[in-house]
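Chain identifiers are assigned alphabetically (A, B, ...) following the order of the sequence lines, protein sequences preceding nucleic acid strands; residue numbering begins at 1 within each chain.
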Amino acid sequence: MAAGPKSEPRDSLIDQELTPAMLAMEIEAKLPGATVELEPEQEMMTVNMGPHHPATHGVLRLVVDLEGEVVKDLKPIVGYVHTGIEKSCESMNYWKVIPFVERMDYLSYFFNMQAYCGAVEIMTGLEVPRRAQYLRVLHMELNRLHSHLVWLGTTALDIGAMSVYFYCFRDRDKVLDLFEMSAGQRMHTRYFQIGGVAEDIPVGFENKVREMIEQMNRGIGQYEALLDRNEIFLIRTKNVGVVEKERLIELGVTGPLLRASGDAWDLRKEADYLVYDELDFDVPVGTVGDGYDRYRVRLTEMRESLKIIEQCLDGMPEGPWIADDRKYVLPPRSELSTSMESLIHHFKLVTEGFRVEPGEVYNPVESPRGELGCFLMADGSAKPARVHFREPSFVNLQALKDMAVGEYVADLIQTLAMLDPILGGIDR
Amino acid sequence: MPDAPGLELIFARINSEHPGAVLDTSYDRGQPALIVHPDQIRKVLIWLRDTEDQGYTFLASVHGADYMPAEPRFAVHYEMLNRERYERLRVKALLPDPAADQDRNGREDRKTPTFVPPAFDADKYKDEEQQEAEQRLAEVAAATAAAQKASGAVDGPLTDSGAQGEAAQANGAGDPGVALGGAVPPETVTSVSPATDPLLPHIASVVDLFPTAEFQEREVYDFFGIVFDGHPDPRRILMPEDYVGYPQRRDFPIGGEPVIFTRDEVTNPGWWN
């Protein structure tokens, strides 16, 4: 529906000053019974969305071409919170990189740590003890829950459902309390270490988690009750932002976005990492691939995460929570005052760090937003030669144009929210 | 993952169809990689994608690497993924640094300042020539910018802060730096558009084969200065448009960049220089 510019010559009989509506009335007056279809005068307008706008979920700028209210073209502009994390990592020891990479995608810090630590472990051939693997899975699934809760709250807020936001943040706080209990920090916990985790979980943690699971199951039911049959929510999400599966794969989209379009692609099932193959969970998929499916897939994923967490608690093996390789892992604190060798190892690891044989490794994990891959390059020194993250938000953002073009600008807000981009991860 | 013999099989099969395309293989820590001639990268990726029993249809990641001081210095890595069998294969294209024999960043104008003996008359004459050349450059730039503006209005108003940079790149063919040949004074070398810069490594873009590569190739260009020929939108993506240098290169120093405040500009214009 390419509308011509205003000055296009019309029928010579018609006065240029007349608006289309007046014209239509005139024609109808002259020819009774004739119906005139009004084509509203349209003009391309470029609107700048963001970078400072709460609905852009961070510092994302969208340059949107509008024709009336219909999005005709769209260009995301990123880089406003680029902090050079990948470059900074190159001047850090391997173990000092962990807190850096946590702060990229600030809602999935456990996944960032797992991608990075896993890469270093492949690099060094370190074996992670089974208890540590269970603890990692437990915390990663708690993190997925946390990330999806933030997503759900802010998305519902964008669509106009205010109260969901409060409920989600109430429940998210319970997850953060658990992180505080096990790792000492609510966010950016630095809980995963190379070779395992930093500490065993404290006494009483298990009961707290079970309590949380029960509350969260109730909580998810509440969100569903608030949104599933909410007329406004349904109208705004159903059949909006649909892109076919094949196109999404071309664009490299992974995670809940791809699953909502009916492709059960989940690295937890496909790839072989940690103990996911011992756990029983399902991969929810959508059918249409619209906003509603994306919402349903994420909500069901939260339920599945709760299932995984429960199984982790039930099947948690006893044993060490970090590998016993003094060349890579700090010796226990208690040994420092009695063992000279431990003290030397401690000193060497803290000051110089450990060296890694030259090589390259790409380690993907399934983050709440899709495939999060860490590419790690070692040059034989104690510092990585390159740490690169394949950020799912960064890659998925390319699909926004396909999702939004041809739809209303109001739907763009919804589509963007359903895409769930984290700008800290995009810009790094 | 294809195991080591499987990797050798792929190596032999590609080379029988495209002789000389794959230079080497490496199998390290369970992760296979093909080392590919940079001119053949598209052929290899198409082969991996379209050959029936290969099916590496998903491009998971594109990233750059800098192997300094090894030679060839740069690399672009393509992480290919077979979704049916869950097999990953890294395809590496190693690119030599065209500016290897130049100064650190490969640019005359960024050379470390050295002592220059006082000039004599002939240089004075040269200065005039330089001025003339600069003037001509400015004229050409203004003309191309005007032409771009005229044509750009139809293309769509989707230009952001980097409109100028885009214009310069779009007119890569009529690039002033190239047109003037050797007469370009060092000060104006920065106006060379990256698309035609002979001091940057070049490789063919794969955006038309794998649309997911668009942002990622822009990122590689942004951080390593590797130019992807045929990329639909070859601009920086994370760094500012007017940024000088390619920060992920191993010889790019960390820190020391002044934070520019508008309030200081009033009292001390150009203080950061």
Name the region of [X], side chain, backbone, both or neither, that has any atom closer than 4.5 Å to a heavy atom of chain B.
{"X": "A:F394", "result": "both"}
{"X": "A:D402", "result": "neither"}
{"X": "A:V395", "result": "side chain"}
{"X": "A:A399", "result": "neither"}
{"X": "A:P358", "result": "backbone"}
{"X": "A:D379", "result": "side chain"}

Next on the checklist: Going by the rule salt bridge (Lys or Arg N to Asp or Glu O under 4.0 Å), which residues pair with A:E86 if we only count those two or more places apart in sequence or in a different chain?
Outcome noted: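 With neighbours one apart ignored, the set is A:R386, A:R428.
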Next on the checklist: Does any backbone or side-chain atom of B:L209 lie under 4.5 Å from a heavy atom of chain A? Answer side chain, backbone, both or neither.
Outcome noted: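 For B:L209, there is no contact with chain A at all, as no heavy atom is under 4.5 Å.
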Next on the checklist: If I measure from the heavy atoms of chain A, does B:D66 come under 4.5 Å with its side chain, its backbone, both, or neither?
Outcome noted: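 For B:D66, backbone heavy atoms alone lie under 4.5 Å from chain A.
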Distance, nearest 0.5 Å, that separates [atom1] of [X] from [atom2] of [Y]:
{"X": "A:I426", "Y": "B:F215", "atom1": "CD1", "atom2": "CZ", "value": "8.0 Å"}
{"X": "A:K87", "Y": "B:R249", "atom1": "NZ", "atom2": "CZ", "value": "10.5 Å"}
{"X": "A:N396", "Y": "B:T212", "atom1": "CG", "atom2": "OG1", "value": "8.5 Å"}

Next on the checklist: Going by side-chain hydrogen bond (donor to acceptor under 3.5 Å, both in side chains), name the residues that satisfy it together with B:D53, two or more places apart in sequence or in a different chain.
Outcome noted: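 With sequence neighbours excluded, B:D53 shows a side-chain hydrogen bond (donor to acceptor under 3.5 Å, both in side chains) to B:R13, given in chain and number order.
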Item to check | Working for side chain to side chain contact (heavy atoms under 4.5 Å, CB included), residues A:E357 and B:R29 | outcome: CA-CA 11 Å; A:E357 286 292 302; B:R29 296 164 169 100; 3.3 Å; yes
Item to check | Criterion side chain to side chain contact (heavy atoms under 4.5 Å, CB included) on A:H388 and B:H77, from CA distance to verdict | outcome: CA-CA 11 Å; A:H388 172 78; B:H77 295 189; over 6 Å; no
Checklist entry - Most heavy-atom pairs under 4.5 angstrom with chain A, which of B:R90, B:R83, B:Q216, B:E214? => result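 Option with the greatest count: B:R83.
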Checklist entry - With respect to chain A, which residue among B:P240, B:G64, B:A33 yields the maximal number of heavy-atom pairs within a distance under 4.5 Å? => result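 It is B:G64.
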Next on the checklist: A side-chain contact here means heavy atoms from C-beta on lying under 4.5 Å apart; do B:S61 and A:Y362 qualify?
Outcome noted: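 The answer is yes, as the side chains (C-beta and beyond) meet within the 4.5 Å cut-off.
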Checklist entry - Is a side-chain N or O of A:R390 found less than 3.5 angstrom from the main chain of B:A60, in a donor-acceptor match? => result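 Between the backbone of B:A60 and the side chain of A:R390 there is a qualifying donor-acceptor contact (under 3.5 Å).
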Checklist entry - Just checking heavy atoms, which of residues 116-127 of chain A are less than 4.5 Å from chain B? => result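 Listed by number, the contacting residues are A:I122, A:M123.
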Next on the checklist: With a 4.0 Å cut-off on N to O distance, would you call B:R88 and A:E371 a salt bridge?
Outcome noted: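 Looking at B:R88 and A:E371, the cut-off is met.
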Checklist entry - Who are the side-chain contact (heavy atoms from CB on, under 4.5 Å) partners of A:F100, not counting sequence neighbours? => result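 In terms of side-chain contact (heavy atoms from CB on, under 4.5 Å), with neighbours along the sequence ignored, A:F100 is linked to A:I85, A:S88, A:C89, A:M92.
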